[in-house]
Novice: 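Sharing a structure with you now.
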Amino acid sequence: MKTLLRSFKPGLFALAVILLGAVLGVAPAQAANYHLSLPAYLGKPGATVPVPITLDNAAGLAGITVKINFDPALLAVSSITAGSLGANFTLDQSVQAGVATLMFTRSEVLAAGAGRLAVVNFVVNAGAADASLSDLAVAEFSLCDATGVIDLAGGANTLTQTNGKLTVNSFGFVDNDADGIEDGWEATYGLSLLDNNQLGDADGDGQPNLLEYGLGTNPNLANANPQAVGTAVVGGVRFLTLSFPKLSGGQTGLSYEVQETANLKNWLAVDVFANTTATQDQGNGVQTVTVKGNLPLSGSGAVPRAFMRVKVTTVLP
Ligand SMILES: [Ca+2]
Ligand SMILES: [Ca+2]
Ligand SMILES: [Ca+2]
Ligand SMILES: [Ca+2]
């Protein structure tokens, strides 16, 4: 009888818990997916390349450990900083030759979160050969919830990863954050190499950063609009001209389109190559070009007035 009672009581208790669970609508722990990713980036020899580590789901986590393997002959780590997601945790880090270890911990689990866990600032060896590369391979990715290391044995949770890569690009256009502005130019003027800066206007001169880049002006110094209009007589007929600075280097990631109108409504493209009447080198990879319009300002068919503008567009390098 005693034995029967002992075995019966825990059974009742378990039943009561299950019933309570049913009443409160408590569901068993849901399977969750966690994906860690690093990008495939380019870097010039000697450049510091900030590489973001992103986690798509940090809900319910109290600890995250990430270990990245890299080629120490090509790369060195200058610093590691927490990203917007990683800032919710305490970050402990260590870097040894070819291995960066990041441990994020917090006392309570994070209710929800996703995004940039950390940024690893890699310095590319100044003597690196073009096209040489280092894998940025995730050697460890483990997570802790309130009860300890998240158990994958049951198959309920999945942890997946995208490994990164850093390839040396000595001469070409480097724009890892894909905002159309060359990263070396962004670094020179202190703009973020991780975020889109196209429309920023820190100097308040009305020229967004993309235009400052395209016209060779300083994004931190207010400047007058560097475009200038004039007129030129070609074949006895007067035309409007537009002079503007443009980047003259190899790959700039930009295309320049000159447009003209007589009514400020219908803008017509002007052939920049055919209509360039003067080119003046300004140094620093910038040249001022003068482009002639097509609308006659004198003679037969003359328009009473004309307007010209330049449109700078980002193109895929
Ligand atoms: Ca950029
Ligand atoms: Ca940027
Ligand atoms: Ca500006
Ligand atoms: Ca400016």
Side-chain angles (χ1 to χ4, degrees), residues 37-54 75 78-87 115-124 130 133 136 164-229 242-256 282-289 309-317:
S37 59
L38 276 82
Y41 269 7
L42 301 175
K44 292 193 184 300
T48 298
V49 181
V51 174
I53 300 175
T54 309
L75 303 175
S78 66
S79 66
I80 299 173
T81 55
S84 55
L85 175 60
R116 198 172 289 160
L117 202 51
V119 175
V120 181
N121 290 293
F122 284 105
V123 180
V124 182
D130 191 46
L133 64 90
L136 305 175
K165 189 167 66 171
L166 211 162
T167 305
V168 176
N169 179 319
S170 302
F171 312 106
F173 184 73
V174 173
D175 180 24
N176 288 324
D177 62 0
D179 60 4
I181 306 176
E182 209 275 326
D183 288 358
W185 191 88
E186 295 206 74
T188 298
Y189 292 106
L191 303 184
S192 170
L193 300 181
L194 290 161
D195 301 305
N196 190 318
N197 299 106
Q198 280 187 352
L199 300 180
D201 184 24
D203 59 6
D205 62 2
Q207 312 261 39
N209 290 331
L210 182 66
L211 211 50
E212 301 257 17
Y213 166 62
L215 299 182
T217 51
N218 186 330
N220 300 323
L221 207 62
N223 54 275
N225 188 336
Q227 300 167 82
V229 288
L242 178 68
S243 298
F244 61 95
K246 72 189 282 280
L247 302 183
S248 58
Q251 291 176 300
T252 63
L254 300 176
S255 80
Y256 298 76
Q282 305 291 324
N284 293 328
V286 178
Q287 59 181 205
T288 297
V289 296
R309 66 182 183 188
V310 61
K311 181 179 175 185
V312 179
T313 311
T314 59
V315 293
L316 287 175

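As the structure lists them, so they are numbered: ligands from 1, and atoms in each ligand from 1.
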Novice: Determine whether a donor-acceptor pair (N or O, by modelled atom type, separation under 3.5 Å) exists between the side chain of Lys246 and the backbone of Ser255.
Specialist: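 Between the backbone of Ser255 and the side chain of Lys246 there is no qualifying donor-acceptor contact (under 3.5 Å).
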
Novice: With side-chain contact (heavy atoms from CB on, under 4.5 Å) as the criterion, how do Phe122 and Leu136 come out once you've worked through the C-alpha distance, each side chain's angles and the decisive distance to 0.1 Å?
Specialist: CA-CA 11 Å; Phe122 284 105; Leu136 305 175; 3.8 Å; yes

Novice: Can you list every pair that meets ring-ring contact (aromatic ring centres under 6.0 Å, His included) and has a residue in residues 175-210, with sequence neighbours left out?
Specialist: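 Qualifying pairs, neighbours excluded: Trp185-Tyr189, Trp185-Tyr213.
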
Novice: Work out how many protein N, O or S atoms lie closer to the Ca ion (ligand 2) than 3.0 Å.
Specialist: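 Considering protein N, O and S only, the Ca ion (ligand 2) has 7 within range.
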
Novice: side-chain contact (heavy atoms from CB on, under 4.5 Å) for Leu247 and Glu182? Distances and angles first, verdict last.
Specialist: CA-CA 12 Å; Leu247 302 183; Glu182 209 275 326; over 6 Å; no

Novice: Is there a donor-acceptor contact under 3.5 Å from the side chain of Asn196 to the main chain of Asp179?
Specialist: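 No.
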
Novice: Indicate yes or no for a side-chain donor-acceptor contact from Asp130 to the backbone of Ser170 under 3.5 Å, with no hydrogens or angles considered.
Specialist: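 It does hold such a pair.
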
Novice: If the condition is side-chain contact (heavy atoms from CB on, under 4.5 Å), which residues does Val119 pass it with, not counting sequence neighbours?
Specialist: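 Testing Val119 for side-chain contact (heavy atoms from CB on, under 4.5 Å), a comparison that skips the adjacent residues, returns Pro50, Thr81, Arg116, Asn121, Leu194.
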
Novice: Counting only N and O atoms by type, is there a donor-acceptor contact under 3.5 Å from the side chain of Asn209 to the main-chain atoms of Asn197?
Specialist: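 Indeed, once roles are kept as given, a pair shorter than 3.5 Å links the two residues.
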
Novice: If you consider just the N/O/S atoms, which atom of Asp175 is the closest one to the Ca ion (ligand 1)?
Specialist: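 Checking each N, O and S atom of Asp175, the shortest distance to the Ca ion (ligand 1) belongs to OD1.
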
Novice: Using modelled atom types and a 3.5 Å cut-off, is there a donor and acceptor pairing between side-chain atoms of Asp205 and backbone atoms of Asn223?
Specialist: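 Flag set: sc Asp205 to bb Asn223 pair under 3.5 Å.
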
Novice: Everything protein-side that's N, O or S and under 3.0 Å from the Ca ion (ligand 4): list it, residue and atom.
Specialist: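 Asp203 OD2, Asp205 OD2, Glu212 OE1, Glu212 OE2, Asn218 O, Leu221 O, Asn223 OD1, with waters left out.
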
Novice: Distance-only, no hydrogens or angles: does the Asp183 side chain make a donor-acceptor pair with backbone N or O of Asn176 under 3.5 Å?
Specialist: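 Yes; judged by distance alone, with no hydrogens or angles, the pair exists.
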
